[in-house]
Amino acid sequence: MKAIILAAGMASRLRPLTDHTPKCLLKIGERCLLQRSMDALLLHGIKEFVIVTGYLHEQIEAFVGEHYPTVSCKFIHNDVFASTNNIYSLWLARPEADGQEILLLDSDLLYDPAIARTVIESSADNVLTLIRHDLGEEEMKVVTDAQGRISEISKTCDPAQAAGESLGIEKMGKSYTTALYKELDGMMNLEHLENKFYELAFERLIAQGQSYHVIDVTEYFSCELDTVEDFEHAKQLIPPSLY
């Protein structure tokens, strides 16, 4: 299994922190966000990484080269990062992910490494991490069926019907990534939906019989980092054991 890490975004809501630094290289405690994710995945057996970069990509490439010189890591550059969303970055990873077993992560996550272990060790082929809390309009909400499989995933789901919010870590089996990239092919080349969230493709695949089992990771620490206030708050919330 290889990890696909999406790290192309500008994180404009985190300015001025991201004026000269990509979001994934911002530090919480002693390590930056990307370092925390890579350390967690390496600890639990992931040995191959694909990082889709965009904004200030040279810094990310230099950081990984310096801190992980012996780790297998391939970079894919999204040169239209300013006008596209994460669905396009995922699309660019096709040569490394189509028909492969992958772990998909956003690069800006702050989370307990136990979450990575739980996902990687799951016996299910396709799993999506979920956290439970009060939901509003901005969260990527997840609705599940009686079997614990996702029946709806979007920001427009009724919060009252949702089981929780997608954390942004998914494991996909080979058949799922094959179906995913077949769907993305049409979405990119025919519909030109480059500025959408990748969860739109997930939702379309539900109707084709392709979905995820949900793993509830609410018991573990995780923190949203969209604004400067979020970032400062995270410094206070992170458990000492993870600092």
Side-chain angles (χ1 to χ4, degrees), residues 1-27 31-42 46-110 116 140 168-172 176-178 180-202 225-226 231:
M1 187 192 312
K2 67 180 73 173
I4 309 293
I5 302 178
L6 305 184
M10 298 174 65
S12 57
R13 287 193 289 170
L14 265 170
R15 288 176 175 165
L17 298 180
T18 52
D19 281 349
H20 306 291
T21 305
K23 184 177 180 181
C24 67
L25 296 188
L26 294 177
K27 278 190 172 183
R31 293 175 294 162
C32 70
L33 300 175
L34 179 60
Q35 189 174 11
R36 287 176 173 278
S37 264
M38 290 188 68
D39 288 351
L41 299 182
L42 286 165
I46 300 297
K47 299 179 179 179
E48 188 175 356
F49 294 81
V50 177
I51 303 178
V52 184
T53 63
Y55 179 62
L56 300 177
H57 66 98
E58 301 92 345
Q59 291 187 34
I60 298 173
E61 293 165 12
F63 177 86
V64 173
E66 178 182 352
H67 289 82
Y68 301 95
T70 63
V71 173
S72 174
C73 187
K74 180 173 289 188
F75 296 99
I76 297 172
H77 182 55
N78 177 359
D79 59 1
V80 289
F81 62 86
S83 60
T84 58
N85 210 324
N86 60 10
I87 194 171
Y88 187 70
S89 289
L90 178 57
W91 167 244
L92 291 179
R94 183 176 192 173
E96 299 296 325
D98 191 353
Q100 302 295 312
E101 186 181 16
I102 68 169
L103 195 68
L104 177 65
L105 305 93
D106 298 326
S107 67
D108 56 0
L109 300 175
L110 178 62
M140 184 61 67
I169 303 176
E170 297 89 21
K171 184 174 77 167
M172 306 176 191
Y176 190 91
T177 57
T178 298
L180 174 63
Y181 279 97
K182 181 178 180 181
E183 186 65 31
L184 286 173
D185 192 2
M187 294 176 75
M188 297 299 101
N189 294 319
L190 300 177
E191 299 178 76
H192 300 290
L193 298 174
E194 295 89 351
N195 201 26
K196 299 292 185 180
F197 293 104
Y198 57 63
E199 286 87 356
L200 178 59
F202 296 173
L225 298 170
D226 289 331
F231 194 79

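Just so it is clear, the structure is predicted and the values come from calculations on it, not from any experiment. One-based numbering along the sequence shown.
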Review point. What's the verdict on side chain to side chain contact (heavy atoms under 4.5 Å, CB included) for Leu26 and Leu14, showing C-alpha distance, side-chain angles and the deciding distance?
Key: CA-CA 10 Å; Leu26 294 177; Leu14 265 170; 4.1 Å; yes
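- No more than 12 heavy atoms of other residues, nucleotides or ligands lie within 6.0 Å of NZ in Lys196, so this atom counts as exposed by the packing criterion.
- The closest donor-acceptor contact from the side chain of Thr53 to the backbone of Ala8 lies at 3.5 Å or more, if one exists at all.
- Judged by distance alone, with hydrogens and angles left aside, the side-chain atoms of Ser107 form a donor-acceptor pair with the main-chain N or O of Leu6 at under 3.5 Å.
- Applying side chain to side chain contact (heavy atoms under 4.5 Å, CB included) to Tyr198 and the options Leu184, Leu180, Ile87 leaves one that passes, Ile87.
- Between the OG1 atom in Thr18 and the CZ atom in Arg13 there is a gap of 11.0 Å [rounded to 0.5 Å].
- Considering Val52, Asp106, Leu104, Leu34 in turn, Leu34 is the only one that fulfils the side chain to side chain contact (heavy atoms under 4.5 Å, CB included) rule with Ile5.
- Checking side-chain atoms of Tyr68 against main-chain N and O of Met38 turns up no donor-acceptor pair under 3.5 Å.
- Atoms CZ and CG, on Phe63 and Leu25 in that order, are 6.0 Å from each other to the nearest 0.5 Å.
- Distance OG1/Thr177 to NZ/Lys182: 13.5 Å, rounded to 0.5 Å.
- The aromatic rings of Tyr176 and Phe202 lie perpendicular to each other, with more than 60° between the two planes, well past the 30° mark.
- Judged purely by distance below 3.5 Å, without hydrogens or angles, the side chains of Thr84 and Asn78 pair a donor atom with an acceptor atom.
- The SG atom of Cys32 sits 7.5 Å away from the NZ atom of Lys27 when rounded to the nearest 0.5 Å.
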Review point. Between Leu110 and Arg36, is a side chain to side chain contact (heavy atoms under 4.5 Å, CB included) present by the stated rule, with each step listed?
Key: CA-CA 8 Å; Leu110 178 62; Arg36 287 176 173 278; 3.7 Å; yes
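- Under the side chain to side chain contact (heavy atoms under 4.5 Å, CB included) test applied with Val50, the options Leu92, Ile4, Ile102 reduce to a single match, Ile4.
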**Study point:** Verdict with supporting geometry, Lys23 and Asp226, salt bridge (charged side-chain N to carboxylate O under 4.0 Å, His left out)
**Key:** CA-CA 10 Å; Lys23 184 177 180 181; Asp226 289 331; 3.7 Å; yes
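- Note: Lys74 NZ to Phe49 CZ = 15.0 Å, rounded to the nearest 0.5 Å.
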**Study point:** side chain to side chain contact (heavy atoms under 4.5 Å, CB included) between His57 and Phe75, intermediate numbers included
**Key:** CA-CA 9 Å; His57 66 98; Phe75 296 99; over 6 Å; no
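- When atom types are taken as modelled, the side chain of Lys2 and the backbone of Glu101 share no donor-acceptor pair closer than 3.5 angstrom.
- Note that the OH atom of Tyr88 and the NE2 atom of His192 stand 11.0 Å from one another [nearest 0.5 Å].
- Residue Leu225 is tested with Leu33, Leu109, Asp108 for a side chain to side chain contact (heavy atoms under 4.5 Å, CB included); the sole match is Leu33.
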